[in-house]
Amino acid sequence: AKQRTRPSGRAIDTNIIMYATTRHVARVARRSASNVAVLGAAGGIGQPMSLLLKQNPLVGELSLYDVVNTPGVAADLSHCNTPASVRATVGVGNAAAALEGMDVVVIPAGVPRKPGMTRDDLFNTNASIVASLADACAQACPDAMFLIISNPVNSTVPIFAETLKKHGVYNKSKLMGVTTLDVVRANTFVAEHLGADVSATKVDVIGGHAGTTILPLLSQCGGAFDDDAIAALTQRIMFGGDEVVKAKDGAGSATLSMAYAGAHFAGQLLKAIDGEAGITECAFVESDVTAAPYFSTPVTLGKNGVEQIHGYGTLSAFEQDVLDKAVPDLVAQAEKGIKFAGEA
Amino acid sequence: MKRHPMVTSLRLFDVAPLAKGVAADVSHVDSAARVDGFVGDTQLGAALHGADVVLIPAGVPRKPGMTRDDLFNVNAGIVRDLTAAVATHAPAAILLVISNPVNSTVPIAAEVLKTRGVYDPKKLMGVTHLDVMRARTFVADAVGGEEDGERRRASGAFYTLVPIRPRSRERPSYDVPVVGGHAGVTILPLLSQTKPFPRGGFSEKEIASLTDRIQNGGTEVVEAKAGAGSATLSMAAAAAEFADLALRGLAGERGAWGCAYVDGGGGSEIKARGLEFFASKVRLGRRGVEQIAGLGRMTPGERVGLEKACEELRGSIAKGKAFVAAGGGDGGGAKK
């Protein structure tokens, strides 16, 4: 077929024009696929998130691990007609077998909150789980990228880092706490408030992933808000998780929206690994931007994980105040994690 | 469904209070659809009011050793009662029944709608798309290979009747019509009509093992889950894919073809056998089922399968109709 070009001179892929009669453009894939493991795949977040990952064409092998039930989940997912292959590993202490050959490891493992609990109340249970999984990762796939969802993220990310350091395999560009759900909530609540199109609403959220450490940058998102609205929206975004815990009344915390957010973030990372440029997402990473050792700001992702950590621009007085209060909390929560890992 | 661009209002209903929690959870996803949760009989009407499409996955799942028919006693009543509410509050909606045993629950829904004088056969469909998804997957697994992909690209045969997942370099995509019903031997994959037809076709052994695997795909998952349930994730994916076809059809899109268990399915050939419901290829549009395709050319082996499927379907359809005739079509029984 004749080589066609865009006005800019870039080539147009004629194969795409040929396929344009289909509902979904069937590209001849030139993309690389990454192997992705989900640790905690049989849980409330793990199952729906694994479905979304199974549907991602950039996933080569999807490895599901949990202490129970993963063979059933894998059998279920294996019937979906997408390219990713699925395998299951199950049982306490067997995570290493699930991690062989993995490029990206997503970790939602752990227990969820009940009404009245903070994310920090989960610390005692989830800290041990995360430390033990970090250990397995350090041995089985030290060069992989690690996406931490298990709460309290503000502490579990430092725990993971310290454990990797013990094995001498820590790479700060490859460890990310997933804060995407806060961004998703911010987009949703802000769009709802403004009566705007949510697909065009983009709010950056910096800080951490618990209550008052969550700082949505409303002053930078292009909307006009009065002071009451700023306070109310910030509160709602900070405590969006509590909203769902309360609505589920003991039956759990956010699972479906977290699965969506986790799969979205993982998907963005996969695109970056595949070579797509300009992929920028908020993520909780080792950072010099503030006094807190780990902090979330927009980061540009690339083939080797975090390529560039961006600052947070100019803050309003309200936001500066929230930040000033959040940083000491983040320092303390990181310390708690580092101390735990030191004693483990 | 929350992320589907054509959905403006998503109503989540269940008898369990958790429906409100699920709605709160899903409502945080940053897409346009509004989400509301509804719990219990008193809120069912509000959930249905103004709905264009109603999906019913409600009911209990199988445990190892059970057939879909073993679920009949519990699920029949659930489908009857929910359909009665649909008849009252959303009689013009497209009704997609997932609750098993589909072969019987769809006739149950039809009888309820008929009793209430609102039955439109174009609007009622049993969702069998998971069987199609399984057929596509198992055939691709069996045939597979880059060479095949190269061959098909060269021939230019890319578009298929039904949209399928973006193709990867390693994994070709196939579409297989699956007709009959949604249980065991009533699931009849027409492998001879696979598009694109793989070079060299299928051996007798492949046909037998693929057919067996497609028919028992559900059981495969029930056993793998060892008591923890039946297919949930793949069923959700399949139902969402089929709902997408229905929504696009409602929006006036042409070419929204899929397989579903419908009144008059299979065309005149099946009607001649006295089977009111049958799964076959259908085209969805503004009125629901706009066009029902005949079964096309079948191999002798497929014809044998057809006989077995029809025999079992006859009984399942009768069982569903009898359930409504005996218990009344107005959902008088208490919901379990």
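Computed from heavy atoms alone, side chains included, the values below leave out hydrogens, waters and symmetry copies. Order of the sequence lines fixes the chain letters, A, B, ..., with proteins taken first and strands second; residue numbering starts at 1 for each chain.
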For chain B, the option from V183(A), V68(A), L51(A), L77(A) that forms the most heavy-atom pairs under 4.5 Å: L51(A)

Could you tell me whether the side chain of Y260(A) reaches within less than 4.5 Å of the side chain of R3(B), counting heavy atoms only? yes

Below 4.5 Å, heavy atoms only, C-beta onward: do Q47(A) and T232(B) meet side chain to side chain? yes

Heaviest contributor of heavy-atom pairs below 4.5 Å to chain A, chosen from A228(B), G217(B), A238(B), is G217(B)

Heavy atoms only, distances under 4.5 angstrom: which of S234(B), S27(B), A24(B), A236(B) has the most pairs with chain A? Name it, please. S234(B)

Just checking heavy atoms, which of residues 240-248 of chain A are less than 4.5 Å from chain B? G240(A), E243(A), V244(A), A247(A), K248(A)

Could you list which of residues 188-202 of chain A have a heavy atom closer than 4.5 Å to any heavy atom of chain B, in residue-number order? T188(A), F189(A), V198(A)

Answer yes or no: is there a donor N or O on one side and an acceptor on the other, between the side chain of D76(A) and the main chain of A231(B), under 3.5 Å? no

The single option from V26(B), V29(B), D30(B) that satisfies side-chain contact (heavy atoms from CB on, under 4.5 Å) with S257(A) is V29(B)

Between P71(A) and A224(B), the two heavy atoms sitting closest are O-CB, 4.0 Å

Please find the pair of heavy atoms, one from A251(A) and one from L18(B), that lie closest to each other, and give the distance. CB-CD1, 3.6 Å

For E223(B), which residues count as a salt bridge (charged side-chain N to carboxylate O under 4.0 Å, His left out) partner, sequence neighbours excluded? none

Would you mind listing every ring-ring contact (aromatic ring centres under 6.0 Å, His included) that reaches into residues 48-83 of chain A, with sequence neighbours excluded? H79(A)-F138(B)

Checking heavy atoms, do the side chain of N69(A), its backbone, both or neither come under 4.5 Å from chain B? side chain

How long is the span from the NE2 atom in H28(B) to the CD1 atom in I237(A), to the nearest 0.5 Å? 10.5 Å

Gap separating the CZ atom of R136(B) from the SG atom of C80(A), nearest 0.5 angstrom: 12.0 Å

Does any heavy atom of chain A fall under 4.5 Å from the side chain of L233(B), the backbone, both, or neither of them? both

